[in-house]
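Just below is one structure, and these are the notes that go with it.
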Amino acid sequence: MGGYENKIGIKSWAEEDRPREKLAGQGRRALTDAELIAILIGSGSRDETAVELSKRILHHYDNDLNKLGKASINELSNFKGIGEAKAISIIAALEIGRRRNDFETKAPDIISSSKDAYNLMRRHLVDLNHEEFWIILTGRSQKVLAKELISKGGLSNTVIDPKVIFGVALQHQASNIILIHNHPSGSLKPSQNDIVLTKKLVSAGGILDIKILDHLIISDLGYFSFADEGLF
């Protein structure tokens with residue numbers, strides 16, 4: 001006997017196997033990642049169901065939702081069956097999930113450790129496909145005065161002007177600065193440029209009586225602290 005001439009659509013599945021009905025009947029945790037994404041997509045195509053399309057997308061990103069969360073509208077729209085509207089739905093849903101996770105980790109008002117600085121800044125720097133350099137400014141009691149984006153760059157570097165950093169610090173009358181940048185590659189190892197820049201800023205800060213407390217490198221894997229590792 002020959003195979004089916006047309007694939008069986010989701011509407012032909014047993015009701016308990018359809019993503020929407022499964023969520024309603026068994027709860028959200030009963031669904032796979034592909035089934036949850038299929039609900040966002042809504043429909044597949046003549047060639048594959050929404051679940052099959054979702055599995056194909058996830059497979060492309062190594063079944064890693066963090067990698068999928070970095071995808072752009074154009075990248076997702078390259079998948080057959082995914083237009084701009086469906087791509088936006090996927091991106092928006094994953095961003096809501098990321099923000100919910102950030103909300104559950106309350107950002108500190110006072111920085112007393114590298115973990116405090118990481119919790120304050122991670123929401124700004126994870127999931128980025130380019131490098132950004134930020135600073136946290138604190139007073140003598142370590143109370144956060146401001147956090148400022150200094151520069152944006154490409155995949156592997158961004159240009160830092162010390163005059164900009166200390167100019168912002170003087171505007172806020174800050175006593176201390178914490179340096180933060182991300183590595184889109186995921187590596188938490190500081191580059192030679194990172195080390196040289198940090199030493200340069202520490203020396204300049206000493207002249208202005210503004211202390212560089214730490215330099216954090218953030219990636220999807222966590223963070224690296226120059227202070228914790230004794231690199232100051």
Side-chain angles (χ1 to χ4, degrees), residues 61 64-76 91-92 94-103 105-109 111 113-138 142 144-172 174 176-202 204-205 210-229 231-232:
Y61 291 101
D64 188 333
L65 291 177
N66 285 324
K67 290 183 179 179
L68 178 58
K70 294 181 179 181
S72 67
I73 294 173
N74 287 338
E75 285 177 34
L76 291 176
I91 291 171
L94 290 171
E95 177 64 15
I96 287 172
R98 187 187 68 79
R99 293 187 185 189
R100 178 188 176 192
N101 184 60
D102 291 337
F103 184 79
T105 305
K106 187 178 183 300
D109 296 322
I111 304 295
S113 67
S114 60
K115 187 63 178 291
D116 288 340
Y118 171 70
N119 286 336
L120 180 64
M121 295 304 303
R122 68 176 300 276
R123 66 181 295 265
H124 298 286
L125 293 167
V126 297
D127 292 345
L128 293 180
N129 290 317
H130 63 276
E131 193 167 296
E132 292 189 358
F133 196 101
W134 288 68
I135 58 174
I136 300 172
L137 304 170
T138 70
Q142 308 304 335
V144 176
L145 301 176
K147 50 185 178 180
E148 299 282 348
L149 173 62
I150 299 301
S151 70
K152 292 183 180 182
L155 179 62
S156 60
N157 62 73
T158 183
V159 177
I160 309 302
D161 186 344
K163 295 190 294 295
V164 174
I165 291 176
F166 289 107
V168 173
L170 290 170
Q171 287 176 14
H172 288 277
N176 309 292
I177 301 174
I178 299 173
L179 313 169
I180 307 101
H181 78 280
N182 66 308
H183 280 177
S185 65
S187 171
L188 289 175
K189 183 179 179 180
S191 68
Q192 188 59 35
N193 286 339
D194 293 336
I195 295 171
V196 170
L197 173 66
T198 303
K199 290 181 178 179
K200 183 178 181 180
L201 293 174
V202 168
I210 299 176
K211 187 174 182 179
I212 305 296
L213 295 178
D214 202 348
H215 186 170
L216 265 60
I217 298 171
I218 293 177
S219 82
D220 294 346
L221 300 178
Y223 72 96
F224 176 94
S225 163
F226 277 61
D228 291 352
E229 298 299 325
L231 293 181
F232 276 12

### Query
Taking 4.0 angstrom as the limit, do Asp220 and Lys67 come out as a salt bridge?
no
### Task
List in chain and number order the residues that pass side chain to side chain donor-acceptor pair (under 3.5 Å) with Ser151, two or more places apart in sequence or in another chain; answer none if no residue qualifies.
Thr158
### Summary
Heavy-atom nearest pair, Pro162 first then Lys200, reads CG-CE, 4.1 Å
### Task
For residues Ala174 and Ile210, report the shortest heavy-atom separation together with the two atoms involved.
O-CG1, 3.9 Å
### Query
Closest heavy-atom contact between Ile177 and Ala169?
CD1-CB, 3.7 Å
#### Entry: Asp109 CG to Thr138 OG1 distance, which is reported to the nearest 0.5 Å
12.5 Å
### Query
Just wondering, do Leu216 and Met121 contact through their side chains at under 4.5 Å, heavy atoms?
no
### Query
Between Phe226 and Pro190, which heavy-atom pair has the shortest distance, and what is it?
CZ-CB, 3.6 Å
### Message
Please determine whether side-chain contact (heavy atoms from CB on, under 4.5 Å) holds for the pair Thr198 and Leu231, giving the CA-CA distance in whole Å, both sets of side-chain angles, and the decisive distance to 0.1 Å.
### Response
CA-CA 9 Å; Thr198 303; Leu231 293 181; over 6 Å; no
### Message
Using 0.5 Å steps for rounding, measure from the CG atom of Leu76 to the CG atom of Leu68.
### Response
6.0 Å
### Query
If we only count heavy atoms from C-beta on, is the Leu179 to Ile212 side-chain gap below 4.5 Å?
yes
### Message
As an exercise, state the distance from CD1 of Ile178 to CD of Gln142, rounded to the nearest 0.5 Å.
### Response
7.0 Å
### Task
Using side chain to side chain contact (heavy atoms under 4.5 Å, CB included) as the criterion, list what pairs up with Leu149, not counting sequence neighbours.
Glu132, Trp134, Lys152
### Query
When you look at NZ of Lys70, are more than 12 heavy atoms from neighbouring residues, nucleotides or ligands closer to it than 6.0 Å?
yes
### Query
Does Gln171 reach the side chain of Phe166, with side-chain heavy atoms less than 4.5 Å apart?
no
### Query
So how far is it from Ile180 CD1 to Ser225 OG, rounded to the nearest 0.5 Å?
10.5 Å
### Summary
Correct closest heavy-atom pair for Ile165 and Leu201 would be CD1-CD1, 3.8 Å
### Message
Can you confirm if the aromatic rings of His215 and Phe133 lie within a centre distance of less than 6.0 Å?
### Response
yes
### Query
Taking atom types as modelled and ignoring hydrogens, do the side chains of Asp214 and Ser114 form a donor-acceptor contact shorter than 3.5 angstrom?
no
### Task
Decide whether His183 and Lys189 meet the rule of one side-chain donor and one side-chain acceptor closer than 3.5 Å.
no
#### Entry: Shortest non-hydrogen separation from Ile218 to Leu188 and the atoms involved
C-CD2, 4.2 Å
### Task
Give a yes or no on whether the backbone of Asn129 and the side-chain of Asn182 come within a donor-acceptor separation of less than 3.5 Å.
no
